[in-house]
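Counting convention: from 1, in listed order, for ligands and their atoms alike. As a basis for the values below, the full set of heavy atoms in this structure was taken, side chains included, without hydrogen atoms, waters or symmetry mates. FYI, the numbering just counts along the sequence from 1.
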Amino acid sequence: MTDVHLHSPRPTPFFQPEPYFSQRRKTPFKAPPKAPAKSCPPLSRVFTSAVASDGPHTISFASDSINEPISGLRYSTDSQEPYFEQGFEIIKKIGEGSFGEVFQVKSREDGQLYAIKRSRQRFTGSWDRRKKLDEVEKHECLPPHPNCIRFYKAWEENLHLYIQTELCSMSLSQYCDAHGRLPERTVWRILMDIGKGLKHLHDNRLCHLDIKPDNIFLSQSGTTWKLGDFGLVSSMDTDFEGASEGDACYMAPELMEGRFSPGADVFSLGISMLEVACDLQLPSNGESWHMLRRGELPEDFIKNLSPDLLSLLTSMMSHNPQSRPCVNQILGHRKLRRMQLFEPAVKLKNKIVPLFSRVFQWILRFFVILLNLLRLSHSPMRPETPPTLGKPQSLGEPLSDSEDEDIRMSLLQQSISQHNGSWTNHSPICHQYPVYSGSPIPLHLDDSSADEATPLKPGSPLLTSSPATFPRADRAMRRVHSDRGFVNGGPRNLMEIFKEAD
Ligand SMILES: Nc1ncnc2c1ncn2[C@@H]1O[C@H](COP(=O)(O)OP(=O)(O)OP(=O)(O)O)[C@@H](O)[C@H]1O
């Protein structure tokens, strides 16, 4: 019995030996957070006065305007619609995260496009509200920079928080989902742009602490990479008080011990670049997680990297934060220095090329219209041609003049017979005329007989004619029939055609 039990087939557990590295998977769908338990009502419903406010209120920590009612040309307090809908035309939803949903909108006041993030859930209490407003405070305290997503305003309404920011075309994750492994040129460009954004943060004594491809965005124009999502930004001045680490896949190893420093951002940027340059799926734990932090990078993935990029990324991912280069040193790399040297020229090219191409298109369009107008004004009026009954078909070799003449005669004979109330059954083209008429054959011999419809007298040679009367026409029409798979006026069997070919 024991033996049977031991040998009974069982599903073998799938075991992937560690360390294991795989190709980067597409950005997984993030399930929305669970709804709050229904057993007790949220605090906001119990202590409404603690968090509720009348109508939409701006949120600002830079001035004393916190909790100032929203006012605007397009906002009416009499309307039941929220400010979000009164002030903006909602174009589409562009993303969602654990915090909320992001919409692409068009402002009804200035006609510009923006991104608005709306908290998914209502504030559950004053503590929850304060925690959500943190992102506003952190984003607001950052002076604008071309490589950081710009903050415009924030407001709360109906216990939801709204954050209005600059609109970007997509995140780096979405870009990689579409393009796969990125070419080194693009990786250097991202390193330079995000390096500049990060320098701006560090110069303002702030650390991002959540750098990852999900939080790097491509501008609307598609030329500049920008740093976004400042929800975890922490100040060096307050000694990283209340700081928390971001995504485990991109986390510097020293954060496990609570040692925060600007070096953590350098590590996260380095490992993010490794991911996109090698199309590597970063582990969130396990032995492979530690290997990457010990500087043991998977050979199969890094073999295509240039020595320059590999050595920079390896130094950025040093285990010891002191050994990592600071952002100034990264931007001082000779490759990035050269890129910066040519940057004004590249920017100019990016502005001029689309402009020139648009002007060129207009000139081209103008010439095409002009040419058409000229052609119309010079073309003589053409006589109306009778409508064709079908598409001209290839009839093989062109008929000779005499054969053509015979066909005309035959058709005339057919027409006369039809006119007199009888078809000559042996006419070789009686079934074919509608198809043949791609180039219609006039039913008269010459112009003088064109409109003669007088019936011929019985016994006329034309009426009594047989195939022998017009042997060449008969031959020619048989050839036409045969070209189209018809024999004796009927469809030809495929087998017959094959036999003939043999
Ligand atoms: N300014 C923007 N322009 C364009 N798309 C954006 C912008 N901000 C956010 N998105 C899109 O919305 C998605 C979710 O945004 P975001 O990550 O800021 O939300 P979140 O709720 O804070 O997410 P997280 O789970 O990381 O906290 C992003 O992945 C991105 O695709």
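Polar contact check, Asp214 against ligand 1: no nitrogen or oxygen pair lies under 3.5 Å apart. Taking only nitrogen or oxygen atoms, main chain and side chain alike, Gln174 reaches within less than 3.5 Å of ligand 1. Polar contact with ligand 1: absent for Leu167 (N/O pair, distance under 3.5 Å). Taking any N or O of Val102, backbone or side chain, none lies under 3.5 Å from an N or O belonging to ligand 1. Polar contact check, Glu135 against ligand 1: no nitrogen or oxygen pair lies under 3.5 Å apart.
At least one side-chain heavy atom of Lys93 sits less than 4.5 Å from a side-chain heavy atom of Glu96.
Within ligand 1, the atoms closer than 4.0 Å to a non-hydrogen atom of Thr165 are 1 (N), numbered from 1 in the order shown. Of all the atoms in ligand 1, the ones that sit under 4.0 Å from a non-hydrogen atom of Asp229 are 17 (O), 18 (O), 22 (O), 26 (O). Counting the atoms of ligand 1 from 1 in the order shown, those under 4.0 Å from a heavy atom of Glu96 are 13 (C), 14 (C). Proximity to Ser98 (heavy-atom distance under 4.0 Å) selects the following atoms of ligand 1: 21 (O), 23 (O), 24 (P), 25 (O), 27 (O). Heavy-atom contacts of Ile94 reach the following atoms of ligand 1: 4 (C), 5 (N) (cutoff under 4.0 Å).
Ligand 1 lies within reach of Gly100, whose nearest heavy atom is under 4.0 Å from it.
Atoms CD1 and CG, on Ile194 and Leu172 in that order, are 8.0 Å from each other to the nearest 0.5 Å.
Here Ala115 has side-chain heavy atoms under 4.0 Å from ligand 1, and that is the only part of it that gets that close. Using a 4.0 Å cut-off between heavy atoms, Lys117 contacts ligand 1 through its side chain alone, with no backbone atom that close.
No hydrogens or angles considered: nothing links the side chains of Ser107 and Gln112 as a donor-acceptor pair under 3.5 Å.
Checked for salt-bridge contact, Arg334 and Asp308 meet the test: a charged N lies under 4.0 Å from a carboxylate O.
The number of heavy atoms from other shown groups lying within 6.0 Å of CZ (Arg185) does not exceed 12.
When each of Lys196, Arg338, Lys349 is paired with Glu343, the salt bridge (charged side-chain N to carboxylate O under 4.0 Å, His left out) condition holds for Lys196 and for no other.
Remark: His145 engages His200 in a ring pair (Phe, Tyr, Trp, His ring centres under 6.0 Å) (not counting sequence neighbours). In terms of the side chain to side chain contact (heavy atoms under 4.5 Å, CB included) criterion, residue partners of Ser219 (sequence neighbours excluded) are, by chain and number, Ser221, Thr223, Thr224, Lys226.
Of the possible polar contacts, none joining the Asn204 side chain to the Leu206 backbone as a donor-acceptor pair under 3.5 Å is found.
Across Tyr114, Phe151, Phe217, heavy-atom proximity to atom 10 (N) of ligand 1 is greatest for Phe217.
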